[in-house]
Amino acid sequence: QVQVTGVLERELLDPARLRALERHQQELLVSRRKEVLKARTDLETRLARVKEEEHAQLRAIASGIDPLLVKEVVDELQQEEREIGEKLRGIHGEPDAAHALEALRLLRDHVADLRAVLRDGDPRDQRKVFTRTVRSVKWLPEEGHLEIRLRLPQGDEDKETKPQVAGATR
């Protein structure tokens, strides 16, 4: 338990480490938002072109083009329009990086309390901190030390969210 507490303090509760993790998550979030915006813009541009092409095909009927040929092309365009619409609905704006960033900010706000609990707190409270922050502990006999994998604690245990790995081997 002492080793785990030491790793938690060094890797997850250290102010410099928290700032570095927060900067990294912020960069991931900004990068993901740019990707989403670009993808959304590209899809919306393509969707506008598909709709323009559909209208052009429908106007072609008035100029004497075989309606059956136009119908085939319009059906293909409408299928493409549906596929683009599905892709647009599938683009998510708030990725895991946003949740991790929020968890880091909460952790930063409560780091002093967490340290106090880990050092001198009630064993039940210590266990709660461990279960929310330690993903796994594994003894590596060939190297003679523990591997402790950490995760960012989530605000509510009831939420269905996957843990964010924040630490490394120690």
Side-chain angles (χ1 to χ4, degrees), residues 1-50 81-170:
Q1 183 175 346
V2 172
Q3 286 182 320
V4 173
T5 301
V7 170
L8 274 173
E9 285 195 31
R10 276 191 319 274
E11 296 295 324
L12 201 56
L13 300 179
D14 178 60
R17 177 80 168 143
L18 281 172
R19 283 191 302 275
L21 286 170
E22 194 173 345
R23 275 192 312 274
H24 176 69
Q25 289 299 330
Q26 184 67 41
E27 289 168 3
L28 287 176
L29 181 60
V30 168
S31 173
R32 176 65 179 145
R33 284 181 175 164
K34 285 180 181 177
E35 290 172 10
V36 167
L37 182 60
K38 183 182 181 327
R40 182 173 296 281
T41 302
D42 291 347
L43 287 171
E44 288 172 348
T45 300
R46 180 64 190 136
L47 184 60
R49 287 186 186 137
V50 165
E81 184 178 345
R82 283 189 294 275
E83 290 170 3
I84 290 170
E86 288 174 20
K87 288 179 184 177
L88 280 168
R89 283 186 295 281
I91 292 178
H92 300 292
E94 291 300 316
D96 291 339
H99 300 293
L101 185 59
E102 182 60 27
L104 281 168
R105 288 178 178 154
L106 287 171
L107 192 60
R108 184 191 61 212
D109 293 344
H110 299 287
V111 74
D113 297 332
L114 290 170
R115 276 202 174 114
V117 166
L118 288 173
R119 288 186 182 143
D120 304 315
D122 182 83
R124 288 182 304 235
D125 293 334
Q126 289 175 343
R127 179 170 171 70
K128 187 184 279 187
V129 171
F130 288 143
T131 58
R132 288 184 177 191
T133 57
V134 177
R135 184 174 175 196
S136 66
V137 178
K138 181 174 156 186
W139 173 250
L140 302 173
E142 62 279 355
E143 297 171 22
H145 68 274
L146 290 173
E147 175 186 77
I148 301 172
R149 298 199 44 93
L150 303 176
R151 64 181 170 182
L152 293 175
Q154 301 298 315
D156 275 334
E157 289 280 318
D158 300 332
K159 287 183 183 175
E160 289 291 324
T161 57
K162 62 182 180 181
Q164 300 295 316
V165 176
T169 303
R170 284 283 168 222

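Both backbone and side-chain heavy atoms feed into the values below; hydrogens, waters and symmetry mates do not. Quantities reported herein were computed from a predicted structural model and do not represent experimental measurements.
Under the side-chain hydrogen bond (donor to acceptor under 3.5 Å, both in side chains) criterion, Arg49 pairs with no residue at all, not counting sequence neighbours. Under the rule for a salt bridge (Lys or Arg N to Asp or Glu O under 4.0 Å), Arg82 has no partner lying at least two apart in sequence or in another chain. Evaluation of the side-chain hydrogen bond (donor to acceptor under 3.5 Å, both in side chains) rule for Glu27 yields no partner, not counting sequence neighbours. Residues that satisfy the salt bridge (Lys or Arg N to Asp or Glu O under 4.0 Å) test with Arg19, not counting sequence neighbours, are absent from this structure. In this structure, Arg23 has no side-chain hydrogen bond (donor to acceptor under 3.5 Å, both in side chains) partners at least two apart in sequence or on a different chain. Under the salt bridge (Lys or Arg N to Asp or Glu O under 4.0 Å) criterion, Arg124 pairs with Asp122, not counting sequence neighbours. Residues passing the side-chain hydrogen bond (donor to acceptor under 3.5 Å, both in side chains) test with Glu81: none are found, sequence neighbours excluded. Ser136 pairs by the side-chain contact (heavy atoms from CB on, under 4.5 Å) definition with Arg149, not counting sequence neighbours. Residues satisfying the salt bridge (Lys or Arg N to Asp or Glu O under 4.0 Å) criterion with Asp42, sequence neighbours excluded, are Lys38. Contacts of Glu102 classified as side-chain contact (heavy atoms from CB on, under 4.5 Å), with partners at least two apart in sequence or in another chain: Leu106.
Leu37 is listed as a side-chain neighbour of Thr41, based on a closest heavy-atom distance under 4.5 Å. Between Leu28 and Arg32, every side-chain heavy-atom pair lies at or beyond the 4.5 Å cut-off.
Here the CZ-CG distance, from Arg17 to Leu104, works out to 9.5 Å after rounding to the nearest 0.5 Å. With values rounded to the nearest 0.5 angstrom, Gln26 atom CD is found 5.5 Å from Arg105 atom CZ.
When every heavy atom of Leu43 is checked against every heavy atom of Lys87, the shortest pair comes out as CD1-CB, 3.8 Å. Across Leu88 and Glu44, no two heavy atoms sit closer than the pair CD2-CG, 4.1 Å. Pro15 and Arg115 get closest at one heavy-atom pair: CD-NH2, 3.8 Å. Pairing each heavy atom of Arg108 with each of Leu18, the nearest pair is CA-CD1, 3.8 Å.
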Intermediate values then yes/no, side chain to side chain contact (heavy atoms under 4.5 Å, CB included), Leu21 and Leu107: CA-CA 11 Å; Leu21 286 170; Leu107 192 60; over 6 Å; no
